[in-house]
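The next block holds one structure in the form of structure tokens; read it before the comments.
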Protein chains: 2
Amino acid sequence: MQTAAAKTFRELCAEHGIAVTHQRQVLYEVMQGMSGHPSPEEVYARVKKKIPAISLATVYKNINLFVESGVFRKMSMHHGSVRVEMNSEAHHHMVCSKCKAITDIGEQELGLVSKRTRLPGGFLVERYAVDVIGLCPKCQ
Amino acid sequence: MQTAAAKTFRELCAEHGIAVTHQRQVLYEVMQGMSGHPSPEEVYARVKKKIPAISLATVYKNINLFVESGVFRKMSMHHGSVRVEMNSEAHHHMVCSKCKAITDIGEQELGLVSKRTRLPGGFLVERYAVDVIGLCPKCQ
DNA sequence: TTGAATGCAAACTTTTTGCAAAATT
DNA sequence: AATTTTGCAAAAAGTTTGCATTCAA
């Protein structure tokens with residue numbers, strides 16, 4: 001009964017030129033079954049229930065691999081350290097997916113339209129923080 | 001000629017009930033003069049030129065203080081660890097400013113309009129990643 | 001003089017790395 | 001048989017904390 005799923009995972013690995021290991025497969029399946037935005041530690045805790053001997057390093061290595069391959073995504077651009085900004089004008093950010101450079105863009109220039117202050121589920125909007133992901137002129 | 005600036009900084013400190021120290025003032029001025037999105041280490045490097053004996057811990061403590069006071073801002077919600085997501089539908093995030101809970105919201109429901117693929121400065125858009133900051137139903 | 005802030009070092013958290021042993025191709 | 005992956009432990013990064021000393025109010 002694992003034939004179908006196993007095959008899909010095999011194909012996925014073949015596409016990305018990576019080996020099909022037991023750890024990798026279980027990690028993939030566990031992650032597929034998780035909703036929300038888990039941290040590596042949370043993923044590790046779940047995988048450990050199925051493979052008690054797995055190491056955190058393996059979890060990290062494979063999460064990175066999955067993210068680099070585009071199988072899963074990071075929730076947001078993660079710069080190693082906190083970034084502060086002094087610009088107090090209402091603005092958003094253009095983030096280059098290649099060189100990671102961040103450039104400000106004014107609310108006006110961005111031209112996103114939405115004045116809604118209440119969203120489905122009853123969420124009360126304070127403000128929008130937009131990251132535009134793309135390629136800066138240099139990297140195009 | 002530091003009367004005006006010094007006075008403003010004094011007032012700022014008074015407003016927030018914090019002491020006016022030399023380190024604090026230089027840090028504030030240096031940060032005001034920085035554009036972009038510096039990390040604490042970058043700020044530290046700059047401040048060190050003016051106060052070579054300053055410690056990194058002081059820089060951290062004061063940056064945190066400034067951010068908590070609303071004097072400066074963090075560039076983005078910073079969760080201690082990387083967050084991965086498996087949801088491959090086009091969606092965005094509602095982030096509660098009180099309890100920090102993150103909920104997905106579909107591109108459709110969000111209803112932000114912008115089909116622009118080229119932004120001022122020649123930035124080529126791949127996709128938009130929107131964080132809606134506000135209050136979730138529970139926290140309102 | 002009293003409480004707050006600084007500097008230093010140690011501790012902590014998150015993530016990466018080197019390497020021998022094991023598994024995959 | 002060659003290569004990749006794993007697990008472990010050590011090392012990096014980034015950030016916070018405890019405490020004695022110094023400074024501001």
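Each chain gets a letter, A, B and so on, in the order the sequences are listed, and its residues count up from 1.
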Provide, to the nearest angstrom, the distance between the [atom1] atom belonging to [X] and the [atom2] atom belonging to [N].
X       : N      : atom1 : atom2 : result
A:Gln25 : D:dT4  : CD    : P     : 21 Å
A:Lys48 : D:dG7  : NZ    : C1'   : 12 Å
A:Ile54 : C:dA23 : CD1   : P     : 14 Å
A:Arg83 : D:dA13 : CZ    : C1'   : 13 Å
B:His16 : C:dA4  : NE2   : P     : 17 Å
B:Leu65 : D:dT16 : CG    : P     : 13 Å
B:Lys61 : D:dT17 : NZ    : P     : 10 Å
A:Leu56 : C:dC12 : CG    : P     : 18 Å

Flag for A:Asn87-B:His37: side-chain donor and acceptor within less than 3.5 Å: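 On atom types as modelled, these side chains do not qualify, holding no pair under 3.5 Å.
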
Sugar-phosphate, base or nothing in reach of A:Ala57, heavy atoms under 4.0 Å: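 Base contact.
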
Report yes if a side-chain nitrogen or oxygen of [X] is closer than 4.0 Å to either non-bridging phosphate oxygen (OP1 or OP2) of [N]; otherwise report no.
X       : N      : value
A:Arg24 : C:dA23 : no
A:Thr58 : D:dG7  : yes
B:Tyr60 : D:dT16 : no
B:Asn64 : D:dT15 : no
A:Gln23 : D:dG7  : yes

Residue A:Thr21, side-chain heavy atoms: nucleotide from C:dG7, D:dT5, C:dT17 that is nearest: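 Within the option list, the nearest is D:dT5.
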
Nucleotide nearest A:Ala19 when distance is taken to its side chain, options C:dT15, D:dA24, D:dT5: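 Of C:dT15, D:dA24, D:dT5, D:dT5 is nearest to the side chain of A:Ala19.
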
Residue closer to the 5' end of DNA chain C, B:Ser55 versus B:Ser81 (nearest nucleotide):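 Closer to the 5' end of DNA chain C: B:Ser55.
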
Minimum heavy-atom distance B:Gln140-A:Arg118, with the two atoms named: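 Where B:Gln140 meets A:Arg118 most closely, the heavy atoms are OE1-NH1, 2.9 Å.
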
A:Leu56 versus A:Tyr44, closest heavy-atom pair with distance: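 Scanning both residues, the minimum pair turns out to be N-CE1, 3.5 Å.
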
Residue met sooner reading DNA chain D from 5', once B:Glu41 and B:Ile18 are mapped to nucleotides: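 Nearest nucleotide further toward 5': that of B:Glu41.
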
Given DNA chain D, 5'-ward residue of the pair B:Pro40 and A:His22, judged by closest heavy atom: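 Whichever sits nearer the 5' end wins; that is A:His22.
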
Step-by-step side-chain hydrogen bond (donor to acceptor under 3.5 Å, both in side chains) determination, A:Ser81 to B:Glu41: CA-CA 9 Å; A:Ser81 52; B:Glu41 282 284 352; over 6 Å; no

Full working for side-chain hydrogen bond (donor to acceptor under 3.5 Å, both in side chains) between A:His91 and A:Glu85: CA-CA 11 Å; A:His91 70 280; A:Glu85 64 183 0; 3.1 Å; yes

